[in-house]
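Quantities reported herein were computed from a predicted structural model and do not represent experimental measurements. Below, chains carry the letters A, B, ... as their sequence lines are ordered, and counting in each starts from 1.
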Number of protein chains: 2
Amino acid sequence: MIRNDRIVEEEPSNLSSSIVATLKEQIIHWHYPPEHRLTEIELCKTFNVSRSPVREALRVLATDGFVKKLPNRGYVVRQHNIVEIEELYEVRLALELYAVECLAKRGPLNKNDGEDLVKLKRTWTGLLNGSSKKAEELARLDTQFHETLAQAAGNKMLLRHLRTINERLMLFRMIDFDKTDRAKSTCHQHLKILKCITAQDTPGARATMQQNIEEGRNNVHTAIKDALARAYSMKT
Amino acid sequence: MIRNDRIVEEEPSNLSSSIVATLKEQIIHWHYPPEHRLTEIELCKTFNVSRSPVREALRVLATDGFVKKLPNRGYVVRQHNIVEIEELYEVRLALELYAVECLAKRGPLNKNDGEDLVKLKRTWTGLLNGSSKKAEELARLDTQFHETLAQAAGNKMLLRHLRTINERLMLFRMIDFDKTDRAKSTCHQHLKILKCITAQDTPGARATMQQNIEEGRNNVHTAIKDALARAYSMKT
DNA sequence: GTAGACCTAATTGTATACAATCAATAGGGC
DNA sequence: GCCCTATTGATTGTATACAATTAGGTCTAC
């Protein structure tokens with residue numbers, strides 16, 4: 001989970017919240033197949049708690065869209081299909097283009113935000129020259145990069161919406177970074193974005209950001225289509 | 001509540017859901033002062049139900065950001081301040097600019113979406129020539145206009161995010177349309193947006209949309225500042 | 001008079017009990 | 001053999017009971 005130094009939502013320590021966190025994590029990591037039914041009693045057994053916290057957790061997950069509620073019939077896990085993934089990438093694009101535009105237009109940043117961007121520059125320069133990392137680590141750092149920019153843009157609502165989207169895209173970012181040379185091109189794009197921001201080159205920042213996100217979207221798209229094609233060819 | 005013909009989330013009919021709807025409505029309409037404490041037992045009395053559905057409702061409202069949860073201390077209503085309102089308007093701007101750009105770029109629409117836009121044109125032409133309406137009705141129609149565009153853009157995730165934002169902005173739209181001549185300028189802007197979309201004039205559509213949303217944002221901003229100033233001058 | 005500890009009331013957190021609802025299955029009529 | 005209906009079992013929806021925690025007040029020591 002990405003924890004930022006300044007905007008943190010304190011999570012209360014009760015059973016319900018930890019069940020939400022655990023189930024969310026499991027659903028994001030495809031622990032359950034799509035449309036898998038979640039019955040309250042079974043969850044009670046696995047978590048060793050009563051139905052009250054489980055019910056509250058499921059309701060929260062339903063409002064967040066991780067599970068679907070069937071009236072009087074409980075819940076099923078709601079796994080995103082390829083169309084929804086692409087939609088999420090597009091919403092991400094809309095929000096991040098706006099964020100990076102704000103940053104580039106604003107000019108000199110305050111101390112905190114400036115330091116954050118310097119850190120990002122250091123991190124991604126290091127990744128460019130250093131040894132190769134695992135896809136999971138790269139996905140984490142990538143999310144951190146984009147959320148730090150949104151944070152520096154200074155709009156908490158934007159950051160909040162971006163985070164709910166990124167939660168859903170985490171696994172697909174990993175698929176993205178499985179692709180050869182993706183890490184390298186991302187490094188270049190990220191560093192260019194940072195350079196454009198400090199140079200107040202708004203169109204350049206926007207264009208590079210768009211390139212960066214759409215490259216990811218395309219990688220994920222082809223990866224999923226390939227996987228589906230393989231699955232289909234195995235059946236026939 | 002805006003109900004659309006095609007994308008509707010079926011709301012289960014249980015106590016918890018209706019409590020969520022009622023409380024949300026009340027909070028949006030400033031039925032409670034900011035930071036007003038909501039205790040479970042009091043809500044039980046007002047709704048004549050037990051604590052179970054109330055608890056679940058409060059938890060949902062907390063994840064949606066309408067109330068804030070204090071660990072072991074219950075909930076307080078979380079009213080947006082002027083900064084957050086502006087942030088919401090900016091996120092709206094980012095999403096709607098993207099939506100209108102998609103629409104303008106796409107070219108000829110399918111039957112359903114085309115008919116929707118024709119209906120919008122009829123409605124707002126009528127408003128331009130017809131008698132003046134109440135701010136509440138205008139706010140409703142305005143929300144409908146923008147959500148119909150997002151719907152026609154074809155991205156359900158974008159529409160979902162936009163709706164959560166619009167829920168919070170409903171009351172401020174009413175403030176916006178209290179301003180003299182705002183209805184008229186909105187009519188012109190909306191009709192121009194529709195014209196730009198059919199003419200596939202992407203920059204025109206974006207620019208007009210930006211003008212439309214920022215005019216609203218400015219109206220709300222000055223209205224709130226004036227209200228606060230008046231409140232301050234009364235105290236001194 | 002003030003600081004600290006302790007106690008109490010209020011409120012939330014959790015568990016369980018009961019009611020309502022729905023899907024599935026078995027049985028009877030055609 | 002097929003369709004309709006009634007019963008039943010499983011599951012959710014709601015209510016209540018008990019445990020844990022916290023805020024606020026009171027009492028005592030200094």
Please report the distance, rounded to the nearest Å, between [atom1] in [X] and [atom2] in [N].
X	N	atom1	atom2	value
B:L43	C:dT12	CG	P	9 Å
A:N48	C:dA15	CG	P	9 Å
A:K45	C:dT16	NZ	P	14 Å
B:L70	D:dT22	CG	P	13 Å
B:R55	D:dT14	CZ	P	15 Å
B:R37	D:dA23	CZ	C1'	9 Å
B:I19	D:dT14	CD1	P	8 Å
A:I41	C:dA15	CD1	P	15 Å

Q. Taking atom types as modelled and ignoring hydrogens, do the side chains of A:D116 and A:Q151 form a donor-acceptor contact shorter than 3.5 angstrom?
A.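 No, because no side-chain N or O of A:D116 sits under 3.5 Å from a partner of the opposite role on A:Q151.
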
Using the closest heavy atom to pick a nucleotide of DNA chain C for each, name whichever of B:E42 or B:S52 lands nearer the 5' end.
->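 Nearer the 5' end of the strand: B:E42.
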
### Earlier contact from the 5' end, DNA chain C, for A:R73 and B:R51
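Upstream on the strand: B:R51.
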
* Using a cut-off of less than 4.0 Å, is there contact between a side-chain N or O of B:S50 and OP1 or OP2 of D:dA15? ->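 For D:dA15, OP1 or OP2 has a side-chain N or O of B:S50 closer than 4.0 Å.
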
Would you say B:K69 reaches C:dG13's phosphate, i.e. side-chain N/O to OP1/OP2 under 4.0 Å?
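Yes.
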
* Taking the side chain as every heavy atom from C-beta outward, state whether A:V220 and A:R173 have any pair of such atoms under 4.5 Å apart. =>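 Contact flag for A:V220/A:R173 side chains = no.
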
Should A:R78 and A:F66 count as side-chain neighbours, where that means a heavy-atom distance under 4.5 Å?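 With C-beta onward as the side chain, the pair stays apart.
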
Nearest-0.5 Å distance, CD1 of residue B:I193 to CG of residue B:N212: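 Reported to 0.5 Å precision, the distance equals 5.0 Å.
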
query: Reckon A:T39 touches a base, only the sugar-phosphate, or nothing at all at heavy-atom distances under 4.0 Å?
result: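 Sugar-phosphate, no base atom in range.
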
